[in-house]
Structures are given as structure tokens and as C-alpha cells.
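Everything on this sheet refers to the single structure shown next.
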Amino acid sequence: MKNQGAGLLSAGAAMLCALSVALAAYASHGAEGESAHRLGMAAAFAFAHGLGLIASSARRSRLALVGKLALLLGVLLFSGSLVAAVFLQVPTTLAPAGGMLLMAGWAILAIDFLTTT
């Protein structure tokens, strides 16, 4: 029987990748200046971390789950903060917390790779 939580996490990661394409298109064709830069950065992070989450979907340990959840929350905070800054004119206050969660998520996954087979 398939782990539904892992499937949901992978589906969310695939949606990150899909949305990142839309963000990149808007950054290239509809935004200018700092807005284009922020949206392009948000798209790059969403796409890369969506792929990372999909690539790590086979990791089933509790530690890997913590790492993957940190990545998901981190990219939502980081990219979401950049997108909100462009469309809602709010400060990017949550981006640093998102970045820290991204770094922590990758470090946790690295530990999982070293400690499980």
C-alpha cells in the first residue's frame, strides 16, 4: 500500500515545480526591475526544491520526513515571501526564516543519508 503522506508531499513538490514555471514566465515577460529579479529567484528556488523533494521521496525514515517538511516549509516561506513582496507590496520578512529552514532541511537529509541505508 502506498504511503499517502509521501504521495501528498510529492504532489505538492510537483505543484511547486509547475508554479515555478508560471512565476518564471511572468518574471521574464510581465515584471520589470526588482520585481522580475525577485520573481525569478522565487521561481528558481521553488523549482529546485520541488525537484529535491521529488528526488528524496523514496526516503522513508522519520528523520527524512523532518528534513523534507523543513524543505517544503522553507521554500514556501522563502519563495512565498518574495512573491508576496511583488504582488502585495509587503516586506520580505519571512525569507530569512525560509532560507534557514532550507539549509536545515538539506542538512537533515544529509544526516539521513549517512545514517540509513
Side-chain angles (χ1 to χ4, degrees):
M1 184 170 173
K2 184 178 177 181
N3 181 338
Q4 287 185 336
L8 186 59
L9 188 62
S10 293
M15 287 306 301
L16 278 175
C17 291
L19 291 171
S20 74
V21 175
L23 280 176
Y26 187 74
S28 295
H29 302 293
E32 296 178 358
E34 183 65 21
S35 292
H37 174 74
R38 285 183 172 178
L39 291 175
M41 182 69 69
F45 270 75
F47 191 77
H49 288 84
L51 287 180
L53 284 166
I54 292 168
S56 65
S57 65
R59 308 298 297 174
R60 301 279 190 214
S61 72
R62 194 175 302 259
L63 188 60
L65 177 62
V66 171
K68 291 186 283 187
L69 289 174
L71 288 178
L72 179 61
L73 183 57
V75 76
L76 291 174
L77 290 175
F78 183 84
S79 293
S81 186
L82 295 177
V83 170
V86 171
F87 292 115
L88 303 175
Q89 277 71 56
V90 297
T92 58
T93 313
L94 298 175
M100 294 299 290
L101 280 168
L102 291 172
M103 290 184 278
W106 286 116
I108 292 166
L109 280 174
I111 293 166
D112 180 65
F113 276 106
L114 290 171
T115 59
T116 61
T117 55

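Scope of the values below: all heavy atoms of this structure, side chains included, with no hydrogens, waters or symmetry mates.
No donor-acceptor pair closer than 3.5 Å links the side chain of S81 to the backbone N or O of F78.
The shortest non-hydrogen separation linking A70 to G105 is CB-CA, 3.7 Å. Taking all atoms of both residues into account, the shortest heavy-atom contact from A85 to T92 is CB-CG2, 3.5 Å. Summarising the geometry of S10 relative to S57, their closest heavy-atom pair is OG-CB, 3.3 Å, with the distance given to 0.1 Å. Among all heavy-atom pairs drawn from A64 and S61, the shortest one is N-OG, 3.0 Å.
The distance from atom CG of L101 to atom CG of L71, rounded to the nearest 0.5 Å, is 9.0 Å. Atom NE2 of H49 sits about 5.5 Å away from atom CH2 of W106, to the nearest 0.5 Å. Note that OG1 of T93 and CG of L77 are 11.0 Å apart. Values are rounded to the nearest 0.5 Å. In this structure, CG on L23 lies 7.5 Å from OG on S79, to the nearest 0.5 angstrom. Note that NZ of K68 and CG of D112 are 8.5 Å apart. Values are rounded to the nearest 0.5 Å. Atoms CD and CG, on E32 and L39 in that order, are 12.0 Å from each other to the nearest 0.5 Å.
In the hydrophobic clustering of this structure, I54 does not group with F47; members are Ile, Leu, Val, Met, Phe, Trp, Tyr whose side-chain heavy atoms approach within less than 4.5 Å, directly or through other members. When hydrophobic clusters are built by joining Ile, Leu, Val, Met, Phe, Trp and Tyr residues whose side-chain heavy atoms come closer than 4.5 Å, directly or via intermediates, V75 is grouped together with L65. In the hydrophobic cluster analysis, where Ile, Leu, Val, Met, Phe, Trp and Tyr join through side-chain heavy atoms closer than 4.5 angstrom, L73 is grouped apart from L102. Cluster annotation: L9 and L109 are assigned to the same hydrophobic cluster (Ile/Leu/Val/Met/Phe/Trp/Tyr, side-chain heavy-atom contacts under 4.5 Å, transitive).
In this structure, a donor-acceptor pair under 3.5 Å is absent between the side chains of T116 and R60.
Side chains of M103 and M100 form a contact here, defined as non-hydrogen atoms less than 4.5 Å apart. Residues C17 and L51 are in side-chain contact: their nearest non-hydrogen atoms beyond the backbone lie under 4.5 Å apart. Within the 4.5 Å cutoff, no side-chain heavy atoms of L82 are placed close to those of F45. Two residues are said to be in side-chain contact when any heavy atoms from C-beta on lie closer than 4.5 Å; L16 and L72 meet this criterion.
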